[in-house]
Amino acid sequence: MDVENRKWQWAAHAVLILLSLACVLPFILLFMASITDEKTIVSNGYSFFPSRISFSAYEYLWNQSNQIFHAYGITVLVTVIGTFASLVITSLLAYPLSRRDLPGGQFIAFVVFFTLLFNGGLVPTYMVYTQVLDVKNTLLALLLPWLLLNGFNVLLMRTFFQTTVPLAVLESASIDGAGEFKTYYRIVLPLSLPILATVGMFQGLAYWNDWNNGLVFVTEPDLFSLQNVLNRIMNDIQFLTTSGGAGSSQALAALPSETFRMAIAVIGVVPILIAYPFFQKYFVRGMTIGAVKG
Amino acid sequence: MATIAHRKKRRSLRRFVPLYLMLVPGLAYLVLNNYLPLFGLSIAFKNIDYSKGIWGSDWIGFDNFEYLFKTSDALLITRNTLLYNAVFIVLGLGLAIAVAILLNEIKNRFASRLYQSVIILPFLISIILVSYLVYAMLSTDTGFFNKTLLPALGIEPIAWYTEPKYWPYILTFVHLWKGVGYNCIVFLAAIIGIDGEYYEAARLDGASKWLQIRKITIPMITPVIIMLMLLAIGRIFYADFGLFYQVPLNSGALFETTNVIDTYVFRGLMQLGDIGMSSAAGFYQSVVGFVLVLISNSIVRKINKENALF
């Protein structure tokens, strides 16, 4: 029995070490590429063990690129505002729905739930956000479409309120003369920090990583988020290499170089890697909260 | 008496006014983001003419659909979307279950947590960054494959971004790589929830580990497997837009194996200005997708009412 157990331990560790390497190595390659000497990349390609190391990409990043820091600022701003607004709106919608005595609550819950089953897709949504409410090239374009409120989060939060905030507490607050708003932010929210952290983390990640809204609704470089800048740089270099011809090498030289591109990608990942350990437990909890029903 | 009851009812309704007010911002957003676009689905039946406005454009019935289904694109994007998703569902769930079972075997808690943290990393980053990581591997002139790995194996460099035949494997690999950590943790939670007494009894009877996995672990997590599978089947008409658009760098040479409904709709709207085709394809996706959700949910309900969404 012991021998069998030990075999399983070895096998499990072996498989998981291989999988972990597969998950980590591309990040290491990205990082190594960002600290490789530019000429070395051109001749030897991206390598885990570059023959010449250089931090010039980061120096360039630090010294010259206002645009990158501007984009970084946009990403931070959108993530902070978006996550906060999303938490406020989501919890405001979830709390009344968690109250079983609310007349019409069932119907409103269905209205929320239905959005999970059926959606209009890209073209009609694009039309609404450009024709009905013109968000093109505004900060709202990065905040509103698709991201701000997710019906799944509303139902998740509603279930949490129903199961963890005791009805007796709500009733005694009401007897003590607390209004509904007061009950909501003095009692319900403080008791619900775990779910707020979970939803906040998912929303924060969604805003930080979003590139779709920028791609669809933003053409003004001043409003590009970091992801949009990364997207643009990739496309432009690709454009230059496929169109070829005279002058392209000059244009290529003027663009951020290979290592510089990788350095921007690195500074895009680092905040997630730093923040994740703090949120890990909420992350796992959020993924495993099962009971979400319409 | 009646007036007292009436007054009581009015007072109690007034009690709910603050609660209704709280609903307003969220519902207003859902109307804007989710319900107004449903009316916009009618665009698929119109000949959009910006000078007349969206709502004033002429109705043309099913013409857009006729054009769409006459092209070879319709079949290609439907085939690609369905095949990729089918492969993703089978391999994705299979891999996640296998990894979750192995993770559960690991006794060393520190190692187990470390593995979990590491394999979730790809899930946390944007698909744009994934496209960078893939590019670092596959770039024709400077990629790790063409410059280091393939020469070491004595294979000629490959122009990855212009050869469609490799992309079904690349995209499947990238999808599995990005998603395995997330799904595996869902399954791990289910496995941890299994009562330890079953394994105890099996051990006393001399059952091997492999037998325990087959006869206890798998059957106990089958409800979770079925539920995730049916949810995925309900979404089989929706492709991961970022994966199919960003990772192949929107390379036209690869469309044969990378074009899916979502990328087709996007290119139609944003790059070709062909709103008719694009909205018809989008409508086709929304409606077939909705029907599939309803069907898969009713199957879940038949199996286990608890697991059904509605």
Side-chain angles (χ1 to χ4, degrees), chain A residues 4 8-9 12 15-16 19-20 22-24 26 29-30 33 41 44-47 89 92-93 95-96 99 102-103 108 112 115 117-128 131-133 148-149 179-181 205 209 211 227 230-231 234 238 258 265 268-269 272 276 280 284 287-288 294, chain B residues 16 18-19 22-23 25-26 29-30 32-34 36-38 40-41 43 54 99 102-103 105-107 115 117-119 121-122 124-126 128-129 131-133 135-137 142-144 146-148 177 182 185-186 189 208-209 249 265-266 269-270 275 278-279 282 285-286 290 293 309-310:
Chain A
E4 201 209 357
W8 270 91
Q9 286 292 303
V15 172
L16 280 158
L19 188 65
S20 301
C23 288
V24 160
L29 183 64
L30 182 80
I41 285 199
N44 297 346
Y46 303 112
S47 163
I89 295 178
L92 276 175
L93 184 52
Y95 172 59
R99 291 276 301 266
L102 183 78
I108 297 164
V112 174
T115 63
L117 300 180
F118 194 43
N119 69 75
L122 176 68
V123 183
T125 311
Y126 177 80
M127 292 302 166
V128 167
Q131 309 289 319
V132 180
L133 185 75
L148 185 61
L149 181 92
E180 292 292 355
F181 274 101
L205 200 59
N209 281 339
W211 47 274
Q227 305 290 345
L230 282 170
N231 196 0
M234 181 64 98
Q238 187 215 356
E258 295 282 330
V269 189
I272 295 178
Y276 177 63
Q280 189 170 15
V284 173
M287 287 196 300
T288 50
Chain B
F16 290 114
L19 287 176
M22 290 180 187
L23 295 167
Y29 178 75
L30 289 180
L32 177 76
N33 190 69
N34 298 78
L36 275 182
L38 291 188
L41 279 172
I43 293 170
I54 304 282
V99 174
L102 289 177
L103 254 179
E105 287 302 320
I106 284 175
K107 300 282 188 309
Y115 293 141
S117 306
V118 169
I119 61 177
L121 281 183
L124 300 175
I125 61 169
S126 77
I128 303 273
L129 277 161
S131 78
Y132 269 73
L133 298 177
Y135 179 79
M137 292 288 175
T142 53
F144 180 71
N146 279 358
K147 280 287 185 181
T148 309
W177 179 80
Y182 182 94
I185 289 177
V186 175
S208 69
K209 263 262 137 72
L249 304 180
V265 172
F266 179 84
L269 175 71
M270 303 301 295
I275 297 176
S278 180
S279 57
Q285 180 181 46
S286 282
F290 183 51
V293 172
L309 274 170
F310 53 94

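Please read all numbers here as calculations on a predicted model, not as lab measurements.
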Between [atom1] on residue [X] and [atom2] on residue [Y], distance to nearest 0.5 Å:
{"X": "B:Leu129", "Y": "A:Leu30", "atom1": "CG", "atom2": "CG", "result": "7.5 Å"}
{"X": "B:Leu23", "Y": "A:Ile89", "atom1": "CG", "atom2": "CD1", "result": "12.5 Å"}
{"X": "B:Leu249", "Y": "A:Met234", "atom1": "CG", "atom2": "CE", "result": "5.0 Å"}
{"X": "B:Leu19", "Y": "A:Arg99", "atom1": "CG", "atom2": "CZ", "result": "5.0 Å"}
{"X": "A:Leu93", "Y": "B:Met22", "atom1": "CG", "atom2": "CE", "result": "11.5 Å"}
{"X": "A:Leu122", "Y": "B:Ser278", "atom1": "CG", "atom2": "OG", "result": "6.5 Å"}

Within-4.5 Å side-chain heavy-atom neighbours: [X] and [Y]:
{"X": "B:Pro37", "Y": "A:Met127", "value": "no"}
{"X": "A:Pro26", "Y": "B:Trp177", "value": "yes"}
{"X": "B:Ile119", "Y": "A:Ser20", "value": "yes"}

Can you name the closest pair of heavy atoms from [X] and [Y] and give their distance?
{"X": "B:Lys147", "Y": "A:Gly45", "result": "CG-CA, 3.7 Å"}
{"X": "A:Cys23", "Y": "B:Pro122", "result": "SG-CG, 3.8 Å"}
{"X": "B:Tyr29", "Y": "A:Leu148", "result": "OH-N, 3.4 Å"}
{"X": "A:Ala265", "Y": "B:Tyr132", "result": "CB-CD2, 4.1 Å"}
{"X": "B:Leu102", "Y": "A:Trp8", "result": "CD2-CZ3, 4.0 Å"}

Name the option with the most non-hydrogen atom pairs under 4.5 Å to chain B; the candidates are [options].
{"options": "A:Leu133, A:Val112, A:Val128, A:Leu205", "value": "A:Val128"}
{"options": "A:Asn119, A:Thr125, A:Val24, A:Leu230", "value": "A:Leu230"}
{"options": "A:Leu16, A:Val15, A:Leu29", "value": "A:Leu16"}
{"options": "A:Ala22, A:Gly179, A:Ala33", "value": "A:Ala22"}

Set out, in order, the CA-CA distance, both residues' side-chain angles and the distance that settles side-chain contact (heavy atoms from CB on, under 4.5 Å) for A:Phe118 and B:Leu41, then state yes or no. CA-CA 11 Å; A:Phe118 194 43; B:Leu41 279 172; 3.9 Å; yes
Against chain B, label [X] side chain, backbone, both or neither, depending on which of its atoms sit under 4.5 Å from a heavy atom there.
{"X": "A:Ile41", "answer": "both"}
{"X": "A:Leu149", "answer": "both"}
{"X": "A:Gln227", "answer": "both"}
{"X": "A:Val132", "answer": "side chain"}
{"X": "A:Asn231", "answer": "both"}

Chain A contact via B:Thr148 - side chain, backbone, both or neither, heavy atoms under 4.5 Å: side chain
Just so I understand: if I count every heavy-atom pair under 4.5 Å between each of B:Asn146, B:Leu124, B:Leu32, B:Leu36 and chain A, which residue has the most? B:Leu124
Go through B:Ile275, B:Leu103, B:Ile106, B:Ile125 and name the one with the most non-hydrogen pairs under 4.5 angstrom from chain A. B:Ile106
Check: A:Gly121 main-chain N/O paired with B:Gln285 side-chain donor or acceptor under 3.5 Å: no
Could you go through B:Phe144 and A:Tyr46, starting from their C-alpha distance and side-chain angles, then the distance that decides it, and tell me whether this counts as ring-ring contact (aromatic ring centres under 6.0 Å, His included)? CA-CA 5 Å; B:Phe144 180 71; A:Tyr46 303 112; 9.5 Å; no
